Amino acid sequence: MNAQLVAQALVLHESDSVAIALVPLAAGQCLSVQIGTKEWTVQIVDDIPRYHKVALIDLPSKRDVKKGGDVIGRTTVPVRAGAHIHTHNLTGTTCIKGKWRAASA
Amino acid sequence: MTVGFEGYHRENGSVGVRNHLLILSTTGLTGPAARRIGMALPAAKVITTPYGSGVVGEDGALRDRMLLGFACNPNVGAILLLSGKPPEAESYRDQIAATGRPVELLLLDDHGQDTLQVTDDGVRAGARLLRMLSRQQRAPASISDLFLAAECGRSDPSSGLAANPLVGRIADAITTNGGRFIVGETMEWFGAEHHLERRAVSPEVARAIRAAVGRRMEHASASGIDLIGNNPGPTNIAAGLTTLEEKSLGAIQKSGTGPIVGLVGHGEAPSGPGCWLMDQPFYAPESLSGFVASGAQMVLFTTGPGNSFCSLLAPTIKISANVDTCARLREQIDFDASGILRADSSLEKETEALTRQVLQTASGALTFGEILSEGEEVVSRIGASL
């Protein structure tokens with residue numbers, strides 16, 4: 001089934017810092033994705049479930065993360081290229097116990 | 001999308017894709033009788049509300065709008081109205097009758113408060129109305145007669161990547177052909193407002209969109225909750241969505257790319273064709289009911305891991321692009337959009353296929369939700385009763 005997919009992972013915009021896995025990606029494997037004239041090759045650091053995000057570049061803490069050309073949140077810790085990007089290292093502008101917590105805070 | 005469908009033409013100009021008898025109980029005291037009548041007449045659709053008296057202010061207005069909206073949805077051909085509240089029920093009956101629909105009112109006061117008598121009269125009246133409805137014929141209708149709503153429930157990243165853009169293609173096709181399309185779930189515009197505002201037909205509409213999102217987020221804040229875990233919820237997060245912004249940016253793609261002509265309140269009818277937004281709660285049962293009360297005939301409902309909830313009155317087409325979900329929920333997902341992420345299909349091909357399925361469903365083909373009787377409609381509450 002995997003061979004029928006358009007790709008192992010999709011990147012949606014040239015300015016994006018993440019790709020979306022279309023198949024489960026295993027730590028250690030090599031992933032190449034491209035859009036337009038831009039191309040990334042990363043070694044996968046964590047096992048990444050299908051439809052989850054993988055960092056395409058090294059990101060310092062408190063850096064905006066873009067998907068589809070839009071900011072979806074900000075890193076809370078440094079993230080290596082090839083790492084899983086999810087709630088453990090990415091936050092948006094959200095509300096904790098009724099108090100706003102901006103991604104930029 | 002130039003071909004049309006076959007529907008039920010109503011006296012007020014709307015066109016139904018179904019021809020339901022609606023058994024509508026507008027007071028809590030008459031709910032059990034309405035359900036008994038529904039059991040005797042399984043072809044009928046039953047809506048009840050546990051409330052009925054002491055519902056005031058904004059809640060009172062919402063109640064009137066929702067109950068009358070359900071009764072006057074284009075898919076409803078006739079109404080059996082049950083109530084324990086005469087002046088209100090008579091007003092509802094008259095407003096429904098003004099749309100040209102047959103309506104019969106059963107009041108507790110006219111039956112000596114005997115709900116078994118109400119049940120007996122209701123079964124007999126309902127049987128006559130169903131017989132009459134079964135003799136009505138579908139006739140050709142055009143895309144401009146369609147009013148579709150879009151919902152996403154239990155989204156995952158495949159929703160934003162494929163299923164929602166697919167529904168957006170349908171939105172664009174319907175609205176460029178003179179039909180109506182509506183998207184709601186206000187909280188799920190947060191982080192994507194700039195895209196919606198850019199598409200607004202006027203600065204007033206753009207400001208209304210921003211203000212609606214602001215009110216919804218202030219409400220979340222005032223309630224003292226953690227938004228993470230509520231929206232995105234645990235199912236969204238497990239499936240790969242991380243932030244509300246990420247979910248919203250995928251969610252708004254259901255509305256297509258065309259102009260946004262206006263914003264209506266929960267259950268309010270759009271005043272003309274085009275793509276509209278509804279300022280409303282995000283939970284599917286409330287959200288879908290708002291669309292149906294506003295007159296939507298069908299719902300295009302995208303999901304990632306699956307979501308069985310359907311409208312009672314509007315056929316709800318379940319669409320997923322998640323390959324695992326489409327393989328697993330074969331009797332829930334009406335349209336498998338996973339081909340968009342495979343090399344053997346494309347967004348264009350899937351758009352053509354979904355368009356065909358939408359028009360077939362409009363003409364009478366059943367959804368899994370209809371086959372399995374999944375539907376329900378609810379009237380939302382805002383404050384406390386007296």
Side-chain angles (χ1 to χ4, degrees), chain A residues 1-13 16-25 35 46-55 64-76 79 83-104, chain B residues 155-162 165 187 190-195 216-232 234 236-250 252-253 304-305 321-327 338-347:
Chain A
M1 171 180 280
N2 293 349
Q4 301 175 347
L5 291 167
V6 288
Q8 286 195 307
L10 277 185
V11 58
L12 301 176
H13 193 274
D16 285 2
S17 31
V18 296
I20 303 104
L22 293 185
V23 291
L25 301 173
I35 185 160
D46 309 305
D47 288 343
I48 296 168
R50 193 199 294 269
Y51 303 132
H52 284 235
K53 292 174 289 298
V54 54
D64 280 349
V65 171
K66 285 178 123 187
K67 173 183 165 187
D70 281 298
V71 176
I72 59 167
R74 190 167 265 218
T75 53
T76 54
V79 179
H84 186 204
I85 286 213
H86 202 25
T87 47
H88 62 289
N89 54 16
L90 175 66
T91 186
T93 303
T94 194
C95 176
I96 304 291
K97 293 189 167 61
K99 296 271 188 290
W100 283 108
R101 190 178 74 188
S104 54
Chain B
S155 316
D156 74 8
S158 78
S159 309
L161 279 180
M187 186 167 270
F190 177 79
E193 303 97 319
H194 52 295
H195 290 292
R216 205 59 63 170
M217 300 311 274
E218 273 172 34
H219 187 184
S221 175
S223 66
I225 59 151
D226 293 353
L227 203 49
I228 284 192
N230 281 286
N231 203 349
N236 302 134
I237 291 171
L241 291 172
T242 308
T243 67
L244 180 54
E245 290 93 323
E246 182 186 18
K247 186 177 177 186
S248 299
L249 288 159
I252 63 152
Q253 301 207 38
N322 180 312
V323 289
D324 300 324
T325 302
C326 292
S338 62
I340 295 169
L341 300 174
R342 286 198 313 264
D344 59 346
S345 189
S346 65
L347 186 56

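Convention: sequence-line order gives letters A, B, ...; per-chain numbering from 1. Note that the structure is a prediction, hence the values are computed from the model and not measured.
You'll find the side chain of B:Thr243 reaches within 4.5 Å of the side chain of A:Leu90, heavy atoms only. Proximity of B:Val323 to A:Arg50: side-chain heavy atoms (C-beta onward) are separated by under 4.5 Å at one or more points.
Contact between B:Asp156 and A:Tyr51 at its shortest, heavy atoms only, is OD2-CD1, 3.9 Å. Shown here for A:Gly98 and B:Ser221, the closest heavy-atom pair between the two residues is O-OG, 2.7 Å. The shortest heavy-atom contact between A:Lys53 and B:Thr242 is NZ-OG1, 2.7 Å. Closest approach of A:Asp70 to B:His194, counting heavy atoms only: OD1-NE2, 2.8 Å. The two residues B:Pro157 and A:Lys67 come nearest to each other via the heavy atoms CB-NZ, 4.3 Å. A pairwise comparison of heavy atoms in B:Leu161 and A:Leu12 identifies CD2-CD2, 3.5 Å as the closest pair.
With a threshold of 4.5 angstrom between heavy atoms, B:Ala162 does not approach chain A through any atom at all. For a residue to count as touching a neighbouring chain, one of its non-hydrogen atoms must lie under 4.5 Å from one of that chain's; by this rule A:Val71 touches chain B with the backbone only. In this structure, no portion of B:Asn231 lies under 4.5 Å from any heavy atom of chain A. Using a 4.5 Å cut-off between heavy atoms, B:Leu341 touches chain A through backbone and side chain atoms alike.
Separation of atoms CG (B:Leu241) and NE2 (A:His86) is listed at 8.0 Å; rounding is to 0.5 Å. Note: B:Leu249 CG to A:Ile72 CD1 = 8.0 Å, rounded to the nearest 0.5 Å. Distance check, rounded to the nearest 0.5 Å: OG1 of A:Thr94 to CG of B:Leu244 gives 6.5 Å. Distance check, rounded to the nearest 0.5 Å: CD1 of A:Ile20 to CD of B:Glu246 gives 7.5 Å.
Chain A forms the most heavy-atom pairs under 4.5 Å with one residue out of B:Ala192, B:Gly224, B:Ala222, and that residue is B:Gly224.
With sequence neighbours excluded, no residue satisfies ring-ring contact (aromatic ring centres under 6.0 Å, His included) with B:His219.
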